Amino acid sequence: QITTWIQEQVAADDAGGVDADEAAAIYDAGIESSGTMCISGIVVDSNDTATRVADELAGGADFDELLAAENLDPSLGDAGGDIGCITSDQITEAVDVEFVQVAAGLSADDPIGIAPLLNTEGVEFAWVVLSFRPFAELDPADADTVTATIDSATRLATADVFVDPRYGTFDATTGQVVALG
């Protein structure tokens, strides 16, 4: 909550922003640079199918065609495979979710990954092929969100922030409060 409040205060201090080309370069480098990433996915039945689909995507196959032919998750099919955008905070909170951690390693240079999907008992029930969506392919709303996040992170890196040590410390490189404990 403290991190969110700090981010809101820094965002309110309008000091210009990053331009679209700069935002694209930062975002396409991966979540460690931008603080957010947008991904798409195709849910399949096995590791072998996931590997094959990932290889086809890496070879230039059309995502939409593979989604229509291979996807088992109707909600992803209805959304065009769009899983959405995730933040570095969400990745930190989901350290035990393998597909989230695989997604965290994706970038424009390494855009495809696969991971098992596990039920609440930890039993594999499907696999997901994840695809990093480059900045140039983001819809306008996602591009605005990404640019705002990058702009906020840039401002936070240079902001003079003090956090009472009873609550933690402020990490300017991530723009987040590091809680005690």
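Here, residue 1 is the first one in the sequence, and each next residue gets the next number. Fair warning: this is a prediction, and the values are worked out from it, not measured in the lab.
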Hey, what do you get for CD1 (Ile91) to CD1 (Ile31), rounding to the nearest 0.5 Å?
3.0 Å

Kindly work out whether a path of hydrophobic side-chain contacts (I/L/V/M/F/W/Y, heavy atoms less than 4.5 Å apart) joins Ile112 to Ile39.
no

Assess the residue pair Trp127 and Val53 against the criterion (side chain to side chain contact (heavy atoms under 4.5 Å, CB included)); give the C-alpha distance rounded to whole Å, side-chain angles, the decisive distance to 0.1 Å, and a yes or no.
CA-CA 11 Å; Trp127 282 74; Val53 170; over 6 Å; no

How far does CD of Glu22 sit from OG1 of Thr147, to the nearest 0.5 angstrom?
10.0 Å

Side-chain contact, heavy-atom cut-off 4.5 Å: Phe132 with Asp28?
yes

Run the numbers on Ile114 and Asn47 for side chain to side chain contact (heavy atoms under 4.5 Å, CB included), then give the verdict.
CA-CA 8 Å; Ile114 63 171; Asn47 182 6; 3.5 Å; yes

Would you please test Thr169 and Val163 for side chain to side chain contact (heavy atoms under 4.5 Å, CB included) and show each step?
CA-CA 6 Å; Thr169 59; Val163 174; 6.0 Å; no

If hydrophobic clusters are built by linking Ile, Leu, Val, Met, Phe, Trp and Tyr wherever their side-chain heavy atoms come under 4.5 Å apart, do Leu57 and Val44 end up in the same one?
yes

With rounding to the nearest 0.5 Å, note down the distance linking OG1 in Thr49 to CD1 in Ile42.
11.5 Å

The complete set of disulfide (SG to SG under 2.5 Å) pairs with one or both residues in residues 22-68, sequence neighbours excluded, reads Cys38-Cys85

Would you check if Arg133 and Asp142 make a side-chain contact, meaning some heavy-atom pair closer than 4.5 Å?
yes

Can you give the donor-acceptor pairs under 3.5 Å from side chains of residues 74-81 to other protein atoms, not counting sequence neighbours?
| from | atom 1 | to | atom 2 | distance (Å) |
| --- | --- | --- | --- | --- |
| Ser75 | OG | Asp73 | OD1 | 2.6 |
| Ser75 | OG | Asp73 | OD2 | 3.4 |

Connected via hydrophobic side-chain network under 4.5 Å: Leu106 and Val43:
yes

CZ/Phe99: more than 12 non-hydrogen atoms of other groups inside 6.0 Å:
no

If you measure from CD on Glu70 to CD on Glu65, what distance do you get to the nearest 0.5 Å?
11.5 Å

Leu130 and Met37: same hydrophobic cluster, using ILVMFWY side-chain contacts below 4.5 Å?
yes

How far apart are the closest heavy atoms of Val102 and Ala115, and which atoms are they?
CG2-CB, 3.8 Å

Side chain to side chain contact (heavy atoms under 4.5 Å, CB included) between Gln90 and Val100, intermediate numbers included:
CA-CA 9 Å; Gln90 291 169 318; Val100 174; over 6 Å; no

So how far is it from Ile86 CD1 to Thr36 OG1, rounded to the nearest 0.5 Å?
7.5 Å

At what distance, to the nearest 0.5 angstrom, does CG of Asn71 lie from OG of Ser40?
11.0 Å

Do we see a donor-acceptor contact under 3.5 Å between the side chains of Thr51 and Asp55?
no

Please name all residues satisfying salt bridge (charged side-chain N to carboxylate O under 4.0 Å, His left out) with Asp96, sequence neighbours left out, ordered by chain then number.
none

Is it possible for you to say whether Ile83 and Phe125 belong to one hydrophobic cluster, with membership spreading through side-chain heavy-atom contacts below 4.5 Å?
yes

